[in-house]
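Remember, it's 1-based here, ligands and their atoms both numbered in the order they're listed. Counting begins at 1 with the first residue of the sequence. Remember, it's a predicted structure, so these values are computed and weren't measured experimentally.
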Amino acid sequence: MPQNAVSKIVSLAGVLAWDASCTFLNLITPSKKEGSVTPQGHPGADGKWPEYVAPKEGDSRCSCPALNAMANHGILPRDGKNITFEELNRVCRTTYNFAPTFCYFVPNYAANMLGRNYKTDSFDLSDLDLHNGIEHDASLTRQDAVVSPDQSKPYVPFIKELLAEATGKDANGKALLTIEDLSRYSSKRRADARASNPEFTLEKIHKTFGSSNSSTLLTIFGGRVEDLEHILLEERIPEGWESRIRAKFGLTIITFNTSAVSKVEKGIDEEKYLADKKAAAGAVETAGEGSSIAK
Ligand SMILES: *[C@@H]1O[C@H](CO)[C@@H](O)[C@H](O)[C@H]1NC(C)=O
Ligand SMILES: *[C@@H]1O[C@H](CO)[C@@H](O)[C@H](O)[C@H]1NC(C)=O
Ligand SMILES: *[C@@H]1O[C@H](CO)[C@@H](O)[C@H](O)[C@H]1NC(C)=O
């Protein structure tokens, strides 16, 4: 095996062992109190986020709403350029309360994908949109890259459809997205993109990344539709917001996977979506015939 393949496996095993210890520490330490999840001295402490400024011409943005939001608030450079991988690690930790393992793994994966050095190099947000690196088809918030080569802007119709899928309710009756809602809408997006995009691809790893995005909406953002309207449509962090993950060591890879990612992915069923769609079209036709007989 080539040396760097060995070192990659060793480092993934290392990250997972570290992740298991964070997961265990979360079980035995008290969670943070509501209202004090974002650490003092960091943007967003006490719910006070730095000013939101929509991106200007020439600013760099990418296909990920959560990263763009940090640039729009100046938590990452507002122009979205010359960001170090280590900086990305730090701000994901304090802004969203992902575990240190997740915050280490994702920028490392990105550095690797771009052939850059995690410790010494930097990137612009748009660099992350290398097609079929991390960016992939059947997004819940973007048209496929072949239709929309610029992946930096939200595609409003998909986001509205997604949020309209919410079937959950919180204690105050406010709309919540559920695991089933995300599986259902992902089934639709995959089937529709597969049917309409002649260059459609979706490898297993990209399915996992896709379900991870969905799971971020459910975990970090608690599925709250009211918040997600700002996050997804404007790529803005709502005033007073904090991560819905209160665990002291943040959302670990293991907890993320078992509580959401693997469940969202397991519930995705393109065949069922297509069968239901056909049945609904059939029902409309039958109803149409019925009314013509009645005339
Ligand atoms: C990027 O930032 C580093 C310091 O973090 C600086 O030395 C370098 O000149 C910057 N590069 C550009 C192109 O702005
Ligand atoms: C997940 O995020 C990546 C990167 O932003 C994006 O390209 C991809 O389409 C997203 N997947 C889904 C299912 O939204
Ligand atoms: C995530 O969960 C799935 C299903 O339980 C499992 O096959 C996979 O190995 C898990 N991945 C990680 C990184 O824990």
Among protein heavy atoms, which sits nearest to atom 14 (O) of ligand 3, and what does the distance come to when rounded to 0.1 Å?
-> Asn257 ND2, 3.1 Å
Protein heavy atom under 4.0 Å of atom 11 (N) of ligand 1 = yes
Going by heavy atoms, is Ala138 under 4.0 Å from ligand 2?
-> yes
Would you mind running through ligand 2 and noting each atom that sits below 4.0 Å from a heavy atom of Cys64?
-> 5 (O)
When hydrophobic residues are tied together by side-chain contacts of less than 4.5 Å, even through go-betweens, does Leu176 share a cluster with Leu228?
-> no
Are any of the N/O atoms in Asp137 less than 3.5 Å from those in ligand 2?
-> no
Sub-4.0 Å atoms of ligand 2 with respect to non-hydrogen atoms of Asn213 | 1 (C), 2 (O), 3 (C), 8 (C), 10 (C), 11 (N), 12 (C), 14 (O)
Determine whether the side chains of Arg93 and Asn97 contain a donor N or O and an acceptor N or O closer than 3.5 Å.
-> yes
For ligand 2, is there an N or O atom under 3.5 Å from any N or O atom of Thr141?
-> no
Sole residue of Lys204, Lys207, Arg190 in salt bridge (Lys or Arg N to Asp or Glu O under 4.0 Å) with Glu265 = Arg190
Shared hydrophobic cluster, Phe200 / Ile268 (ILVMFWY, side-chain heavy atoms < 4.5 Å) | no
Counting heavy atoms only, which part of Leu140 comes closer than 4.0 Å to ligand 2: side chain, backbone, both or neither?
-> both
Starting from atom 2 (O) of ligand 1, which protein heavy atom do you reach first, and at what distance in Å?
-> Asn82 ND2, 2.3 Å
Please report the C-alpha distance between Tyr109 and Phe209 in whole Å, then the side-chain angles of each, then the deciding distance to 0.1 Å, and finally whether the ring pair (Phe, Tyr, Trp, His ring centres under 6.0 Å) criterion is met.
-> CA-CA 12 Å; Tyr109 190 93; Phe209 288 167; 5.4 Å; yes
Exercise check, heavy-atom protein proximity under 4.0 Å to atom 8 (C) of ligand 1 = yes
Should the pair Tyr96 and Phe98 be assigned to parallel (<30°), tilted (30 to 60°) or perpendicular (>60°) ring geometry?
-> perpendicular
Centroid-to-centroid, Tyr185 to Tyr273, below 6.0 Å?
-> no
Check ligand 2 against Glu135 and write out every atom of the ligand that is under 4.0 Å from a heavy-atom position of the residue.
-> 7 (O)
Would you say the ring centroid of Phe158 lies under 6.0 angstrom from that of Tyr155?
-> yes
Would His136 count as a contact of ligand 2 if the rule is a heavy atom under 4.0 Å away?
-> yes
Under the 4.0 Å line, does any protein heavy atom show up next to atom 5 (O) of ligand 1?
-> no
